[in-house]
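Data block below; observations after.
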Amino acid sequence: MTPDIKLILSDIDGTILPFGATQVSERTRQAFMRAQESGIAMGPASGRVFGQLPAMFNNDMKCLQTAIATNGCQVFYNGKTIREVIVPRDRLYALRDATSKLSQCGMLVFDGITPLLVSGTRDDLRVHFPTYADICIPVDDIPNIPIVKANVFMAAPEQGTRAVIDTLNKEVDGLDFDYPRVGFSNVMVSGNNKATGIDALVEAMGITLDNVVVFGDAGNDLTMFNHVTNCVAVAGATPEAAAAARWHIGACEDDAVACAVEMLACGEWPFTH
């Protein structure tokens with residue numbers, strides 16, 4: 001029997017947005033619309049701050065009526081904010097101090113969609129994230145504004161990246177750090193992640209986790225993969241994400257998620273392995 005799917009959530013980078021691209025494909029955007037027209041709520045589940053998402057969907061806000069942003073620290077349903085978690089300032093200062101002690105490591109906080117360079121150097125940021133390096137604004141202090149999104153960066157290969165993340169998870173109380181890609185980590189108030197964002201949506205919609213399908217490709221998708229039975233990894237996912245997924249499909253570059261969503265919108269079950 002085909003499960004009764006009421007909610008579909010997809011990671012963005014590496015799942016529906018190929019690395020180096022700035023917008024999802026038109027087929028992907030249309031698949032979001034087709035799901036919604038069939039009565040299935042669909043949106044992104046991303047580590048990015050919500051303000052960065054519209055441009056990725058050609059400013060089609062219909063694709064973002066339901067959304068999880070900043071790894072569960074922002075949750076939206078029917079176009080309204082139902083959850084937003086602000087990072088405590090004392091925790092941000094603790095993180096700044098911790099990153100300042102680590103070689104070639106630094107910290108960003110976001111004012112809207114603008115990255116502010118709190119610690120570290122632009123050159124070290126450029127190693128793995130040149131886009132942010134080009135637009136970030138160095139600051140002398142953490143701004144006195146509500147901070148929803150922060151990131152840690154490091155000019156290190158995979159092993160060094162994981163070592164920094166392990167160190168921060170041990171030494172900085174009240175914050176959690178994940179591994180979405182080499183040289184970068186998302187910062188969340190402890191206990192907040194994509195899984196808790198899903199729980200907020202499930203409660204708001206009056207459904208269960210059995211009514212949910214999630215797509216992803218990397219370490220920051222593990223919380224939702226470990227939370228939702230119908231979890232799907234795209235080809236090229238990190239080994240840990242692929243191992244955690246129940247189902248596996250084709251590559252991001254081939255619009256594999258869009259293809260699966262089109263079938264789900266028609267009441268067909270696209271997953272076989």
Side-chain angles (χ1 to χ4, degrees), residues 2-3 5-38 40-48 52-69 71 128-131 158 178-184 186 194 198 212-226 228-273:
T2 301
I5 301 305
K6 298 294 185 183
L7 173 64
I8 302 172
L9 295 163
S10 178
D11 174 60
I12 296 180
D13 295 280
T15 301
I16 57 173
L17 181 72
F19 289 110
T22 58
Q23 288 187 357
V24 303
S25 69
E26 179 61 17
R27 182 178 180 182
T28 295
R29 193 175 66 83
Q30 291 296 329
F32 273 53
M33 293 297 94
R34 188 172 298 184
Q36 293 175 11
E37 290 166 0
S38 74
I40 302 172
M42 178 164 188
S46 176
R48 291 180 180 262
Q52 295 175 317
L53 305 187
M56 299 178 183
F57 289 86
N58 197 27
N59 293 311
D60 185 349
M61 297 304 294
K62 294 188 297 293
C63 293
L64 304 174
Q65 293 298 292
T66 298
I68 293 173
N71 277 346
H128 294 299
F129 222 110
T131 303
E158 179 174 352
D178 66 7
Y179 175 71
R181 58 179 292 183
V182 172
F184 216 65
N186 294 301
K194 290 186 180 183
I198 292 171
V212 183
V213 171
V214 297
F215 296 90
D217 77 305
N220 65 329
D221 299 316
L222 292 178
T223 57
M224 66 178 184
F225 276 17
N226 292 328
V228 176
T229 299
N230 289 311
C231 49
V232 188
V234 295
T238 63
E240 57 207 326
R246 180 181 183 186
W247 307 107
H248 301 82
I249 58 173
C252 168
E253 293 78 8
D254 297 329
D255 283 335
V257 171
C259 179
V261 171
E262 290 164 356
M263 295 179 67
L264 288 168
C266 293
E268 302 174 17
W269 191 243
F271 311 120
T272 59
H273 66 278

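Position 1 is the first residue of the sequence; numbering continues from there. As the structure is a prediction and not an experimental result, all values here were calculated from the model.
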Can you check whether [X] reaches [Y] side chain to side chain, under 4.5 Å on heavy atoms?
X	Y	value
Val261	Phe215	yes
Glu262	Pro270	no
Leu53	Ile12	yes
Val213	Trp247	no
Asp11	Lys194	yes
Val257	Val234	yes
Cys252	Asp217	no
Pro54	Asn59	yes

Which atom of [X] lies closest to which atom of [Y], heavy atoms considered:
X	Y	result
Trp269	Met263	O-CE, 4.2 Å
Phe271	Ala260	CE2-CB, 3.9 Å
Phe57	Cys63	CD2-CB, 3.7 Å
Ala233	Ala242	CB-CA, 4.1 Å
Pro44	Leu9	O-CD2, 4.0 Å
Met224	Ala45	SD-CB, 4.2 Å

Can you tell me how far apart [atom1] ([X]) and [atom2] ([Y]) are? Round to the nearest 0.5 Å.
X	Y	atom1	atom2	value
Met42	Met33	CE	CE	9.5 Å
Asp60	Phe32	CG	CZ	10.5 Å
Thr223	Ile198	OG1	CD1	7.0 Å
Met56	Leu64	CE	CG	10.0 Å
Arg181	Thr238	CZ	OG1	13.0 Å
Ser46	Asp221	OG	CG	9.0 Å

[X] side-chain N/O to [Y] backbone N/O, donor-acceptor pair under 3.5 Å:
X	Y	result
His128	Phe184	no
Asp178	Asn186	yes
Gln36	Lys62	yes

Glu26 bridged to Arg29 by N-O distance under 4.0 Å: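 Judged by the 4.0 Å cut-off on N to carboxylate O distance, Glu26 and Arg29 do form a salt bridge.
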